[in-house]
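So you know, we letter chains A, B, ... as the sequences are listed, proteins then strands, and number each from 1.
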There are 2 protein chains.
Amino acid sequence: MAHKYEQVAASIRESIARSLAPHDALASERELMAIHGVSRMTVRKAISVLVDEGRVYNVHGSGTYVGSADIFSKTPKLTSFTEDMISRGSVPSSRVLEVARIAAPDAVATALNLTPSDAVTQIRRLRLADDTPIALEEVFLPTTVLETESLNLGASLYEQLRLAGHEVYRAEQEIKAITLTREDSLLLEVAVGSAALSVTRVSSSRRGHLIEFARTTYRADRYTFQLAVTRDDK
Amino acid sequence: MAHKYEQVAASIRESIARSLAPHDALASERELMAIHGVSRMTVRKAISVLVDEGRVYNVHGSGTYVGSADIFSKTPKLTSFTEDMISRGSVPSSRVLEVARIAAPDAVATALNLTPSDAVTQIRRLRLADDTPIALEEVFLPTTVLETESLNLGASLYEQLRLAGHEVYRAEQEIKAITLTREDSLLLEVAVGSAALSVTRVSSSRRGHLIEFARTTYRADRYTFQLAVTRDDK
DNA sequence: AAGTGGTCTAGACCACCGC
DNA sequence: CGGTGGTCTAGACCACTTC
């Protein structure tokens, strides 16, 4: 809690939880200045954090108000499967299907800006939530990012990448519906020909270096994707 | 272009397009102050807009840099079907299947915080892109928001809502994979039993009033959903 | 050590809302 | 009209990266 605006934001979060209902007005920015003994910019920075979190909204000329309940934090974050499952209240586990060092498949080479002769580390895993198969995950990492032999499947992949100086910061995802192949149906323990949600992800560092290509196939009956969007014409 | 920070942002956007490559450094904030004759806060506001757009990124202690190409504008916006198709480069059209005034179905009543006896306006449309069926859309609006009789299907629904004082600002969406029913398969002109992408949306005004419940079923072979996500532990 | 972005102050005026 | 959030100035110091 080093910065003042974080303290102010925390204090506002508390008073919302303690005594305010959705659409109640917050104290005005000038009042908050006096209450916390800070400048207006610090108050506004604190409020902007809460706006980003979806906890409050501004109405020009009128005030700042508490947002509707449960609109919070639906903004999708870049998470590992493990983090995602925990946040959904399930216990994640995993079964490794395959680890290999291969030449980059075309789709991977294109996405990661490699040549097809470049080597990548391939990891295929069956992912489970509360001991039920829920997803098939296939990850490709350039060997220049992480060598196949130095991979430790017992530990968090993103943590290993971070320690190797390739902290994942941002990703682009494509979500689509597919029909499962027979073998994938068997692995996920659903009827052959079932629909599934396919998420393809290309991850990069803060500086924009391409780190990871991943494709995850989720059981349609056990996984949905939620997000909040705004109009924001500007 | 009323505000100074917008002018500064526009100027930076131009110089990126004209002469900068991904990962090139921008002029420093203090240089930008001098160049544009504005204060540091205005420069930082301009840069923060560009960061939100994904065009540049900051590195504390080092500089502000041009982001990787084509990472732009993948942040999903709340759009109408028409806007969405145009931004994807297709020509949208539409065939109305049904318009009715009905009692709110359970799922709709729950989502919009109505009682099952409240009336809603129901609109079912087949949506086409370049004359090919691409989605089935079902929209429910409380009659207190828009009366069935005053609906004009020739005009933009969101525009009508805005004029009625119910400007849509925010929505929560749930995306999942489903298997099409026989009748929906026929309407979308795909094989019976095909997979499809189902998007359920609950829209609200800036002030948090619930306005619309919509469910759109997209052909899996013609529609994918793309979005950028960040890690942002903070 | 020099330069960068990150935080913060103490003011000011403008644009908008509600009475 | 008074009060609100939105923009803006001209400074200051801190935290971090780079050399």
Side-chain angles (χ1 to χ4, degrees), chain A residues 1-12 16 20 23-52 55-67 162 165 167 169 205-209 230 232-234, chain B residues 1-12 16 20 23-52 55-67 162 165 167 169 205-209 230 232-234:
Chain A
M1 203 72 86
H3 299 124
K4 288 191 183 180
Y5 75 85
E6 288 172 352
Q7 297 174 28
V8 175
S11 157
I12 297 174
I16 290 174
L20 293 176
H23 309 302
D24 282 359
L26 258 55
S28 77
E29 295 181 354
R30 283 147 182 101
E31 285 168 349
L32 290 168
M33 287 172 65
I35 291 169
H36 296 94
V38 298
S39 73
R40 179 115 180 263
M41 197 203 114
T42 303
V43 168
R44 285 179 61 75
K45 171 75 176 172
I47 290 175
S48 85
V49 169
L50 300 177
V51 169
D52 286 347
R55 291 183 138 86
V56 305
Y57 60 91
N58 291 313
V59 181
H60 190 178
S62 172
T64 302
Y65 301 88
V66 178
R162 193 179 67 76
E167 185 169 19
Y169 170 70
S205 71
R206 180 171 261 277
R207 285 167 164 72
H209 293 122
T230 57
D232 249 12
D233 305 72
K234 265 184 276 197
Chain B
M1 204 71 86
H3 298 124
K4 287 191 183 179
Y5 75 85
E6 288 171 353
Q7 297 174 29
V8 175
S11 157
I12 297 173
I16 290 174
L20 294 175
H23 309 303
D24 282 359
L26 258 57
S28 77
E29 295 181 354
R30 284 149 182 98
E31 286 168 350
L32 290 168
M33 286 171 66
I35 292 169
H36 296 95
V38 298
S39 73
R40 179 115 178 263
M41 196 202 117
T42 302
V43 168
R44 286 179 61 75
K45 171 76 176 173
I47 290 175
S48 84
V49 168
L50 300 178
V51 169
D52 286 348
R55 294 181 136 85
V56 304
Y57 59 93
N58 290 313
V59 181
H60 189 178
S62 172
T64 301
Y65 301 88
V66 178
R162 192 179 68 74
E167 186 169 17
Y169 170 71
S205 70
R206 179 171 260 277
R207 285 167 165 73
H209 293 122
T230 58
D232 250 14
D233 305 73
K234 263 184 273 198

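Residues passing the side-chain contact (heavy atoms from CB on, under 4.5 Å) test with Arg162(B), sequence neighbours excluded: Glu159(B), Glu167(B). Not counting sequence neighbours, Ser205(A) has no partner by the side chain to side chain donor-acceptor pair (under 3.5 Å) test. With sequence neighbours left out, His23(B) forms a side-chain contact (heavy atoms from CB on, under 4.5 Å) with Tyr57(B), Ser68(B). Residues satisfying the side-chain contact (heavy atoms from CB on, under 4.5 Å) test with Arg30(A), not counting sequence neighbours, are Ser28(A), Met33(A), Arg40(A). By the side chain to side chain donor-acceptor pair (under 3.5 Å) test, Ser48(B) pairs with no residue at all, sequence neighbours left out. The side chain to side chain donor-acceptor pair (under 3.5 Å) test applied to Tyr5(B) returns no partner, not counting sequence neighbours. Residues forming a side-chain contact (heavy atoms from CB on, under 4.5 Å) with Ser11(B) (at least two apart in sequence, or on another chain): His36(B).
Contact footprint of chain B on DNA chain D: nucleotides with an atom under 4.0 Å from a non-hydrogen protein atom, first to last in 5' to 3' order, dT7(D) to dT18(D).
Toward the 5' end of DNA chain D, the nearer of the two residues Lys45(B) and Arg40(B), judged by each one's closest nucleotide, is Lys45(B).
Contact annotation: the side chain of Thr64(B) never approaches that of Val51(B) to less than 4.5 Å [non-hydrogen atoms, C-beta and beyond].
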Taking only N/O atoms, report every protein-nucleotides 1-4 of chain C pair under 3.5 Å with atom names and distance.
unit_1: dG3(C); atom_1: N2; unit_2: Gly61(B); atom_2: O; d: 2.6

